[in-house]
Amino acid sequence: MKKYFLFFIVLCFSFSLANAKEKCPFVWQIEKAGEPVSYLIGTIHINKKDRPLSGCLKNIIGQSQLLMTEVFMPVDSIEALNPDSFALFSMLATGNPNSLRNELGDDLYYKIKALWKKSPTMQEGLPMYDHLNAWSANMLMTNMTTNPDLSEKNGIDYLLSRAAAAKGIKRTGLESPLVGAKIFQELPQDKH
């Protein structure tokens with residue numbers, strides 16, 4: 001395991017050195033003879049509102065044939081109607097027979113609900129809040145911001161997905177959102 005960790009550190013360091021000359025932060029260019037150039041871009045899920053995609057990232061999208069994000073990022077309501085989204089929603093909608101309040105206790109239940117009320121995106125989910133399990137409330141909060149100047153709609157992955165969709169570039173996800181949901185679902189209650 002130590003060998004793999006050391007290899008990962010060396011790999012990250014060498015990418016950092018290669019990236020030092022670049023004017024585009026969080027971007028590494030990966031080249032191999034006979035293969036198309038690929039780019040590895042650090043994922044930023046939340047960003048300042050109204051922040052556009054940088055010029056260097058627009059250029060990269062302009063040269064790309066495929067965009068692969070951590071999970072597939074729907075850019076409209078039609079794309080959101082996909083099998084993974086339905087499966088994830090059914091996991092979340094199974095409901096909590098004990099109620100979230102009983103599961104968390106009054107103090108934590110009300111503290112989390114107050115955070116949801118402050119978050120522009122989480123406010124949409126308030127009607128289902130009482131019926132969630134602790135694991136699903138925790139999972140849904142992982143990218144939550146209560147800062148009114150920030151939004152996940154301006155996260156780099158979302159902006160890249162929108163730009164790629166506008167250019168007709170094929171998009172896919174590295175993993176299904178169900179993978180993350182199962183990780184949260186299997187965590188012991190006290191971790192949530």
Side-chain angles (χ1 to χ4, degrees), residues 25-26 41-54 57 61 67-166 171-192:
F26 304 108
I41 300 170
T43 300
I44 299 172
H45 294 302
I46 298 172
N47 209 344
K48 289 185 179 178
K49 277 187 178 175
D50 304 320
R51 175 168 267 176
L53 195 61
S54 69
L57 291 177
I61 284 294
L67 174 67
M68 182 180 292
T69 49
E70 183 180 6
V71 295
F72 177 74
M73 304 285 297
V75 296
D76 60 36
S77 55
I78 299 297
E79 284 188 349
L81 299 174
N82 63 62
D84 279 351
S85 294
F86 279 118
L88 180 60
F89 184 74
S90 84
M91 284 176 77
L92 297 174
T94 54
N96 185 345
N98 299 321
S99 89
L100 186 60
R101 185 174 170 188
N102 286 341
E103 203 170 350
L104 297 177
D106 285 346
D107 187 45
L108 190 54
Y109 171 85
Y110 287 113
K111 282 180 182 177
I112 292 172
K113 193 167 189 173
L115 287 174
W116 278 46
K117 287 179 178 179
K118 289 182 185 177
S119 169
T121 52
M122 300 309 282
Q123 286 175 9
E124 297 169 13
L126 272 173
M128 69 178 193
Y129 178 75
D130 294 327
H131 307 289
L132 294 173
N133 291 293
W135 73 264
S136 52
N138 186 8
M139 183 193 76
L140 291 169
M141 292 176 65
T142 57
N143 291 324
M144 181 182 88
T145 179
T146 57
N147 184 331
D149 299 326
L150 300 176
S151 169
E152 77 277 357
K153 295 293 184 191
N154 287 82
I156 300 300
D157 43 1
Y158 186 74
L159 292 176
L160 285 168
S161 291
R162 284 185 36 208
R171 296 172 297 127
T172 188
L174 186 60
E175 64 184 42
S176 164
L178 300 175
V179 172
K182 285 185 186 269
I183 290 169
F184 278 90
Q185 194 176 34
E186 292 169 0
L187 275 175
Q189 174 74 14
D190 61 326
K191 299 289 184 191
H192 295 293

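Treat the numbers as computed from the prediction; the structure is a model and nothing was measured. All heavy atoms count here, side chains included; hydrogens, waters and symmetry mates do not. The chain is numbered in sequence order, starting from 1.
Lys118 contributes atom NZ, which lies 11.5 Å from atom OG1 of Thr145 (distance to the nearest 0.5 angstrom). With values rounded to the nearest 0.5 angstrom, Leu140 atom CG is found 8.0 Å from Trp135 atom CH2. Atom CG of residue Leu104 and atom CG of residue Asn133 lie 10.0 Å apart, to the nearest 0.5 angstrom. From Lys48, atom NZ reaches atom CG of Leu150 across 8.0 Å, with rounding to the nearest 0.5 Å. Between the OG1 atom in Thr142 and the NE2 atom in His45 there is a gap of 7.5 Å [rounded to 0.5 Å]. Between the CD1 atom in Ile112 and the CG atom in Leu100 there is a gap of 6.5 Å [rounded to 0.5 Å].
Residues meeting the ring-ring contact (aromatic ring centres under 6.0 Å, His included) test with Phe72, sequence neighbours left out: none. Remark: Asp50 engages no residue in a salt bridge (charged side-chain N to carboxylate O under 4.0 Å, His left out) (not counting sequence neighbours).
Put simply, the side chain of Leu126 does not reach to within 4.5 Å of the side chain of Met122, judged on heavy atoms. The shortest side-chain heavy-atom distance between Lys113 and Tyr129 falls under the 4.5 Å cut-off. Inter-residue side-chain proximity for Leu81 and Phe86 is flagged as met; some heavy-atom pair is nearer than 4.5 Å.
Across Ser161 and Thr69, no two heavy atoms sit closer than the pair OG-CG2, 3.9 Å. Of all heavy-atom pairs spanning Thr146 and Leu115, the tightest one is CG2-O, 3.6 Å. Pairing each heavy atom of Met139 with each of Leu88, the nearest pair is CE-CD1, 4.0 Å. Nearest heavy atom pair, residue Val75 against residue Ala165, reads CG2-CB, 3.9 Å. Between Leu159 and Asn154, the closest heavy-atom pair is CD1-O, 3.4 Å.
Between the side chain of Lys117 and the backbone N or O of Gln123 there is no donor-acceptor pair closer than 3.5 Å. Between the side chain of Asn102 and the backbone N or O of Asn98 there is at least one donor-acceptor pair closer than 3.5 Å.
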(message) Test side chain to side chain donor-acceptor pair (under 3.5 Å) on Asn82 and Ser85; report intermediate values, then the result.
(response) CA-CA 5 Å; Asn82 63 62; Ser85 294; 3.2 Å; yes
All N/O donor-acceptor pairs, side-chain side in residues 171-186, below 3.5 Å, sequence neighbours left out:
residue	atom	partner	partner atom	Å
Arg171	NH1	Met73	O	3.0
Arg171	NH1	Glu79	OE1	3.4
Arg171	NH2	Glu79	OE1	2.8
Arg171	NH2	Glu79	OE2	2.2
Ser176	OG	Asp84	OD1	3.4
Ser176	OG	Asp84	OD2	3.4
Ser176	OG	Leu178	N	3.0

